[in-house]
Amino acid sequence: MRIATWNVNSVKARLPRVLEWLKEAQPDVVLLQELKCMEDAFPLLEIGDLGYNAAVSGQKTYNGVAILSKTPMEIDLRALPGDPEDEQARYVEAVVSGKKKGSRPVRVASIYLPNGNPIEDAGGPSAKFAYKLRWLERLIPHARALLKTEDAFVLGGDYNVCPTDDDVYDPAAWRNDALCRPESRTRFRELVYLGLTDAIHALHPEPHHYTYWDYQAGAWPKDQGLRIDHLLLSPQAADRLTASGIDKGPRGKEKASDHTPVWCELEDK
DNA sequence: ATGTCGCGTGAAACGCGA
């Protein structure tokens, strides 16, 4: 079972790119972020024509996440637990059926973690950075609860966290960015250290594999990127991990998203 | 040194978020 994650930066503006990539890459499950539309504006028909079911948590203008699956799925959560006041569409979780008869289902979540920049405003800590850190702090107990179920699961998405200096082209320049701050990194590490496997890092430990390149300053042609899109696997999913990769193709196309898809392959046993 | 997108508003250019 191939599971991919992709921050598309507007599913409407990106629709031709998304459809062509789905046809070419043939993922079984796709976790999408930054839909930038309400649920009723999600292109269900076009994506459904390619054989996908969709679970969407949308919002006007900003955020928005979805799960696409070729097999049937059961939606479990449309928001990350822990703050009923949080109205931003950044989390959706579902259980997708296995591909073959008798194969085990996999729980997946599509995550769009807050960016958190700027880290300060008017000299003090910013509300945006605090929201990002709180969001990470809510994700940790939720992951801990999921681990207790001993289900195979994949928490994938745009984490807006660059885990180490090896994951950014110029660590010094990004030192005070919310994506690279130690406060973000310690919380991300705490999440991973619960016992999750970073599907890219586990199989491709070399430094400087990126998933995001800013639109500005020719970052893409110069390969000045960051690794901020992650697939975090439970032990039961990691046991089935046979391959993973970053598909840089879509980033080089016309009208590209600033992120490119990241995928992993789970043995269907 | 700078360089970009996408959205909403409201009718063109701007503010916001990234």
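Just so it is clear, the values below take in all heavy atoms, side chains as well, and ignore hydrogens, waters and symmetry mates. A note on names: the letters A, B, ... follow the listed sequences, proteins ahead of strands, and every chain is numbered from 1.
- By the 4.5 Å side-chain criterion applied to Ile, Leu, Val, Met, Phe, Trp and Tyr, A/Leu226 is assigned to a cluster that also includes A/Val168, A/Tyr169, A/Trp174, A/Leu179, A/Tyr210, A/Tyr212, A/Trp213, A/Trp220, A/Ile228.
- Rounded to a whole angstrom, the distance from the P atom of B/dA13 to that of B/dT2 is 25 Å.
- B/dA18 atom C1' lies 14 Å from atom CG of A/Leu113, rounded to whole Å.
- The hydrophobic cluster around A/Tyr52 extends to A/Trp6, A/Val8, A/Val11, A/Leu15, A/Val18, A/Leu19, A/Trp21, A/Leu22, A/Val30, A/Leu32, A/Leu35, A/Phe42, A/Leu44, A/Ile47, A/Leu50, A/Val56, A/Leu68, counting ILVMFWY residues whose side-chain heavy atoms fall within less than 4.5 Å of a member.
- Across all strands shown, A/Tyr212 has no heavy atoms under 4.0 Å from either base or sugar-phosphate atoms.
- Among residues two or more places apart in sequence or in another chain, the ring-ring contact (aromatic ring centres under 6.0 Å, His included) test is passed with A/Tyr159 by A/Phe188, A/His230.
- Spacing between B/dG10 and B/dG15 at atom P, rounded to whole Å, works out to 14 Å.
- Annotation for A/Leu147 and A/Ser234: closest pair CD2-CB, 4.3 Å, computed over non-hydrogen atoms.
- Looking at A/Glu93 and A/His142, their side chains do bring a donor and an acceptor atom within 3.5 Å of each other.
- Through side-chain heavy atoms spaced under 4.5 Å, either directly or across other Ile, Leu, Val, Met, Phe, Trp or Tyr residues, A/Leu45 is tied to no other residue.
- Residues A/Met1, A/Ile3, A/Val29, A/Leu31, A/Val65, A/Ile67, A/Met73, A/Ile75, A/Val92, A/Val96, A/Val106, A/Val108, A/Tyr112, A/Val154, A/Leu203, A/Leu231, A/Leu233, A/Leu241, A/Ile246, A/Val262, A/Leu266 make up the rest of the hydrophobic cluster containing A/Ile200, defined by ILVMFWY side-chain heavy atoms closer than 4.5 Å, directly or through other members.
- Residues of residues 158-169 of chain A having a heavy atom closer than 4.0 Å to DNA chain B: none are found.
- For the C1' atom pair drawn from B/dA12 and B/dC7, the interatomic distance equals 15 Å after rounding to whole Å.
- Note: CG (A/Asn7) to P (B/dA18) measures 11 Å, nearest angstrom.
- Remark: P of B/dG17 and NZ of A/Lys132 are 15 Å apart, rounded to the nearest angstrom.
- Shown here are the salt bridge (Lys or Arg N to Asp or Glu O under 4.0 Å) partners of A/Lys60, two or more places apart in sequence or in another chain: there are none.
- The nearest whole Å value for the distance from the NZ atom in A/Lys222 to the C1' atom in B/dT2 is 10 Å.
- Residues passing the ring-ring contact (aromatic ring centres under 6.0 Å, His included) test with A/His209: none are found, sequence neighbours excluded.
- A/Asp258 places its CG atom 11 Å from the C1' atom of B/dG17, with the value rounded to the nearest Å.
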Per-nucleotide protein contact along nucleotides 4-15 of chain B, 5' to 3', at a 4.0 Å heavy-atom cut-off (B base, S sugar-phosphate only, - neither), is BSSSSS------
